[in-house]
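Following: one structure in structure tokens, then a few remarks.
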Amino acid sequence: MVRVYPFLPPLGPDKMSKRFVNQLVERENVDEIFLVIEKQLRANRSGNLYLQLRLADRTGSLTAMMWNANERVSQSFESGDYLRVQGASQFYNGQLQLILTKVFSVDPGTVDESDFVVLGPSEVETLFGGLSDRLRRLENAHLRSLAEAFLMDEILVERFLKAPAGIKNHHAFQGGLLQHVVSLMGVADRVADQYPRLNRDLLVLGVLFHDLGKVDELSYERDMSYTTAGQLLGHVMLGVEILEKKLRQAEGLSGEPFPESLAYHLKHLILSHHGEYEYGSPKLPMTPEAMALHLIDNLDAKLHQFFQLIDEDANAESPWTTYQPSLGRKILKSSG
């Protein structure tokens, strides 16, 4: 039976340090504090309630199940809260998960938040500093004004620095969008070195704006979820709306109209970056820059996913990860 206590029992004498997600193994008794990033109260075929949670720390996340739950248990905490959980670990469909027996609400003031933050303030500052420097080195005056319109928008920048790049698949943590964009800009410059016929400045601005709509698509102050605007419109449409506003502001900064053809190219980069209709792309890439953006975006997302699966894999004794149903394969952990 799942139980919720108004106070925390003391940790055992052997509990001297935190055990992170990427340190857990199968058939292990767990008594640990995690951040709740997703919570769903569901009913099975017999009508019995259970809780499905997504628990996280700075090293990763995993699913936790609480059988025989009830409304009282569900209402005792929310997504975005810290929760001490007790239970055991097991593999299910190739993934490590927790089966919980007890949960305890935790006072945030007693938690070391650095255990749950992937990117610390100094790392965010360094990443954004590099991004700002790169944008201010754009050669095209119109695109440089557009970049400056973004950098001057303190509210937009603040949200950009906090936003994740996704809920589950890649860079699913505060600051993840910034990390994703900075990574892509580095790849974009290397691709433009190899293929000099590409419009480098256009590709770099495409990198900046391609996922910018996620600042409005996603909610990320406490838990990570989709906003109403995100559900109804999606980040592609929201990104085009943000670009439209920045284009008008760029005209104010430069004192002249933004070239219509260049604006079309930028909008096309946003609209086509998913690459295929089946992946939710409103348009297929129709320019070299659009194709390059789609390919490097997919590369960064897929490699981040592979590295995360390797780092979080609980099959510590094997050179291979467990079978990943979503990918249809195992992953070799080392190529050495």
Side-chain angles (χ1 to χ4, degrees), residues 119 123-151 153 156-157 160-161 163-166 169-171 175-215 235-236 238-240 242-243 246-247 250 258-259 261-276 279-307:
L119 293 178
E123 293 170 295
V124 169
E125 182 179 358
T126 298
L127 286 170
F128 186 65
L131 173 67
S132 302
D133 290 343
R134 178 63 189 90
L135 292 175
R136 290 184 170 122
R137 286 188 283 109
L138 292 166
E139 295 181 3
N140 182 286
H142 295 290
L143 294 178
R144 194 166 58 248
S145 294
L146 179 60
E148 196 61 39
F150 163 77
L151 294 171
D153 190 334
L156 177 59
V157 167
F160 171 70
L161 298 184
N169 292 332
H170 73 95
H171 299 83
L177 181 57
L178 168 65
Q179 188 182 75
H180 175 53
V181 166
V182 170
S183 177
L184 279 194
M185 280 197 181
V187 177
D189 271 325
R190 286 162 177 79
V191 169
D193 288 340
Q194 181 66 30
Y195 300 98
R197 291 178 62 179
L198 287 171
N199 184 324
R200 183 189 298 266
D201 284 358
L202 183 60
L203 181 58
V204 167
L205 260 293
V207 167
L208 175 65
F209 279 95
H210 82 288
D211 272 349
L212 196 54
K214 290 184 177 181
V215 302
H235 73 275
V236 171
L238 293 169
V240 172
I242 293 173
L243 175 60
K246 295 300 131 189
L247 289 172
F258 196 93
S261 176
L262 192 56
Y264 286 154
H265 278 283
L266 285 167
K267 291 175 185 177
H268 179 68
L269 288 170
I270 298 173
L271 292 170
S272 65
H273 77 269
H274 284 174
E276 302 287 346
Y279 300 138
S281 188
K283 301 296 292 184
L284 298 178
M286 298 181 190
T287 67
E289 292 76 21
M291 178 55 72
L293 176 60
H294 161 60
L295 292 174
I296 64 174
D297 182 38
N298 193 42
L299 172 69
D300 190 65
K302 289 295 190 296
L303 285 181
H304 187 275
Q305 182 184 19
F306 267 52
F307 292 140

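Predicted model, so just to flag it, every value in this text is computed and none were measured. Counting from 1, the numbers follow the sequence of the chain as shown.
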- Query: Distance from Ser183 atom OG to Leu178 atom CG, nearest 0.5 Å?
  - Reply: 11.0 Å

- Message: Using modelled atom types and a 3.5 Å cut-off, is there a donor and acceptor pairing between side-chain atoms of Arg144 and backbone atoms of Arg137?
- Response: no

- Does the side chain of His273 pick up a donor-acceptor pair with the side chain of Asp211 at under 3.5 Å? yes

- Does a side-chain heavy-atom distance below 4.5 Å link Val236 with Pro282? yes

- Less than 4.5 Å apart, any side-chain heavy atom of Leu135 and any of Met185? yes

- Task: Show your reasoning for whether side-chain contact (heavy atoms from CB on, under 4.5 Å) applies to Phe209 and Val240.
- Result: CA-CA 8 Å; Phe209 279 95; Val240 172; over 6 Å; no

- Query: Below 4.0 angstrom, N of the basic side chain to O of the carboxylate: do Lys246 and Asp153 qualify?
  - Reply: yes

- Message: Less than 4.5 Å apart, side chain to side chain, heavy atoms only: is that true for His265 and Asn199?
- Response: no

- Message: Show, in sequence, the C-alpha distance, side-chain angles and deciding distance for Leu266 and Leu146, and conclude whether the side-chain contact (heavy atoms from CB on, under 4.5 Å) test is met.
- Response: CA-CA 11 Å; Leu266 285 167; Leu146 179 60; 3.5 Å; yes

- Query: Going by heavy atoms in the side chains, are Asp133 and Phe128 under 4.5 Å from each other?
  - Reply: no

- Heavy-atom distance under 4.5 Å between the side chains of Gln179 and Glu123, does that happen here? no

- Message: For the aromatic rings, using the six-membered ring if either is Trp, is the centroid distance between His210 and His294 under 6.0 Å?
- Response: no

- Where the side chain of Asp201 meets the backbone of Glu139, is there a donor-acceptor pair that is under 3.5 Å apart? yes

- Message: So that I can tick it off, tell me whether Asp193 and Arg190 are bridged by a salt bridge, with the cut-off set at under 4.0 angstrom between side-chain N and carboxylate O.
- Response: no

- Query: Do Thr287 and Met291 touch side chain to side chain, with heavy atoms closer than 4.5 Å?
  - Reply: no

- Task: Report yes or no: do His180 and Asp297 form a side-chain donor-acceptor pair below 3.5 Å?
- Result: yes

- Item | Pair Glu148 + Arg136: basic N to acidic O under 4.0 Å | yes

- Query: Under a 4.5 Å cut-off applied to non-hydrogen side-chain atoms, are Val215 and Ile242 in contact?
  - Reply: yes

- Min side-chain heavy-atom separation Asn140-Leu205 under 4.5 Å: no

- Message: With a 6.0 Å cut-off (strictly less than), is the heavy-atom count around NZ of Lys283, excluding the residue itself, greater than 12?
- Response: no

